[in-house]
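We use all heavy atoms of the structure for the numbers below, so side chains are in, but hydrogens, waters and symmetry mates are not. As the structure is a prediction and not an experimental result, all values here were calculated from the model. Each ligand, and each atom within it, is numbered from 1 in the order the structure gives.
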Amino acid sequence: MIPIACPQIGAEEEAAVLAVLRSGVIAQGPQVACFEQAFAAHCGVRYAVAVSSGTAALHLALLAHGIGPGDEVITTPFSFIATATSILLTGARPRFVDLDPQSFNLDPKLVAAAITPATKALLPVHLYGHPADMDALGALAAHYGLAMIEDAAQAVGATYKGRPTGSFGTGCFSLYATKNITTGEGGMITTNDEQIADRLRLLRNHGSRVRYHHELLGYNFRMMDLQAALGLAQLAKLEVFTAARRANAAYFTAKITHPRLSKPQTYGDVQHVYHQYTLRVAGDRDAAARYLADQGVGTAIFYPIPIHQQQLFRELGYTDHLPKSEQAAREVLALPVHPGLSATDREQIVAALNSLPLLETTAVGA
Ligand SMILES: *Cc1c(COP(=O)(O)O)cnc(C)c1O
């Protein structure tokens, strides 16, 4: 089976981790500082703060902007759960706004209509590696005085009008094993704001600047030097990885011709980094996924249940009906697009897709 994700770990990563193991400093230390500097430079920002996960990055970014009880944060329901639970963890409430069905990202027109006096921040997701509409969202944030927190977990290396994702506000990245670069578990927060960076460093380390002196309520959300060494080796390969993902995506876009499949496109002056190559499937999507699995092609659904319909949010009283997100959840299917695909893998994937049964349709009312 061709896997949907495949971490690219080579001799460089092995050597880097071994060197840290032998150095005697394995928790947060010089490798973390070095990784932060390299990451900030890559994103074109002044500061980067390494943390233990993408979820911790979102949680701390919101806290650093002073988001808490009584506040609302506007975000998309068509994302990984952590986008919204990070808001809940601060005591604030997510306000879900439907997506632009073409880019799968927040629709700025609907965002504008959802802003209330309680709104304190916008939290767009650059879903699948396609940047959100940052001109329109940035203009709204500036006009209403809202914090801009970008969920760039899937979008390391992506650009909007030539500018890196994560550099428009406070950027939150995940370095989880399946992401475009990985430290196993891990996250990174990017910002140009010195005060935010300072608060982030305090929050990730028990509110402490000087050992055993605690200024505020913080967490242990630190990254280890072991992870940072991995991250540095991965970051050095990011451009090669991204080029491979984009080449795989271009191949699929050129070769997939089946009438039941609609292919992802890019909208605006963006560089899409194809964390996922996501099709929409007409008819019975789940049967199509089973057919592809039988042909040796692993696929995945990001995401089968929009966040507002998750049990957690139902029980919190969310009754939203967000038809475009709900439709996307029924139709999307992601293909393997990672840098580990061989030429034969790509041919096998396209052959399987183009041989899908034609007439499979969802039984109405089933
Ligand atoms: C992966 C991901 C996260 C969470 O990152 P973790 O490192 O797994 O905590 C948040 N948002 C999105 C969109 C993600 O894809």
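- Between Gln154 and ligand 1, a contact under 3.5 Å exists for at least one N or O pair.
- At a heavy-atom distance under 4.0 Å, only side-chain atoms of Asp151, from C-beta outward, approach ligand 1.
- Scanning all protein heavy atoms for the shortest distance to atom 3 (C) of ligand 1 gives Phe80 CD2, 3.7 Å.
- For atom 12 (C) of ligand 1, the choice among Ser52, Ala56, Ala153 with the nearest heavy atom turns out to be Ala153.
- Between Glu347 and Lys255 there is no salt bridge, since no side-chain N of the basic residue sits under 4.0 Å from a carboxylate O of the acidic one.
- Ranking the protein heavy atoms by distance from atom 9 (O) of ligand 1 puts Thr55 OG1, 2.5 Å first.
- With hydrogens left out, the protein atom closest to atom 2 (C) of ligand 1 is Lys179 NZ, 2.7 Å, a heavy atom.
- Here Arg46 does not pair with Asp193 in a salt bridge; the nearest charged N to carboxylate O distance is not below 4.0 Å.
- There is no side-chain donor-acceptor pair under 3.5 Å between Tyr267 and Asn105.
- The residue from Ser174, Gly129, Ala177 that puts a heavy atom closest to atom 5 (O) of ligand 1 is Ser174.
- Short contacts between ligand 1 and Gly54, defined as distances under 4.0 Å to a heavy atom of the residue, involve ligand atoms 5 (O), 6 (P), 7 (O), 9 (O).
- At a 3.5 angstrom cut-off on N or O pairs, Glu185 does not count as close to ligand 1.
- At distances below 3.5 Å, not a single donor-acceptor pair connects side-chain atoms of Gln227 with backbone N or O atoms of Met223.
- Heavy atoms of other residues, nucleotides or ligands lying less than 6.0 angstrom from CG of Leu261 number more than 12.
- For ligand 1, the atoms lying closer than 4.0 Å to a non-hydrogen atom of Thr83 are 11 (N).
- For His275, no heavy-atom contact with ligand 1 is shorter than 4.0 Å.
- Using a cutoff of 4.0 Å between basic side-chain nitrogens and carboxylate oxygens, Glu194 and Arg201 are not scored as salt-bridged.
- Glu239 and Arg246 are not joined by a salt bridge, as no carboxylate oxygen comes within less than 4.0 angstrom of a charged side-chain nitrogen.
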### Intermediate values then yes/no, salt bridge (Lys or Arg N to Asp or Glu O under 4.0 Å), Asp71 and Arg93
CA-CA 6 Å; Asp71 297 336; Arg93 269 177 85 85; over 6 Å; no

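- Not one N or O of Ser79 is nearer than 3.5 Å to an N or O of ligand 1, by distance alone.
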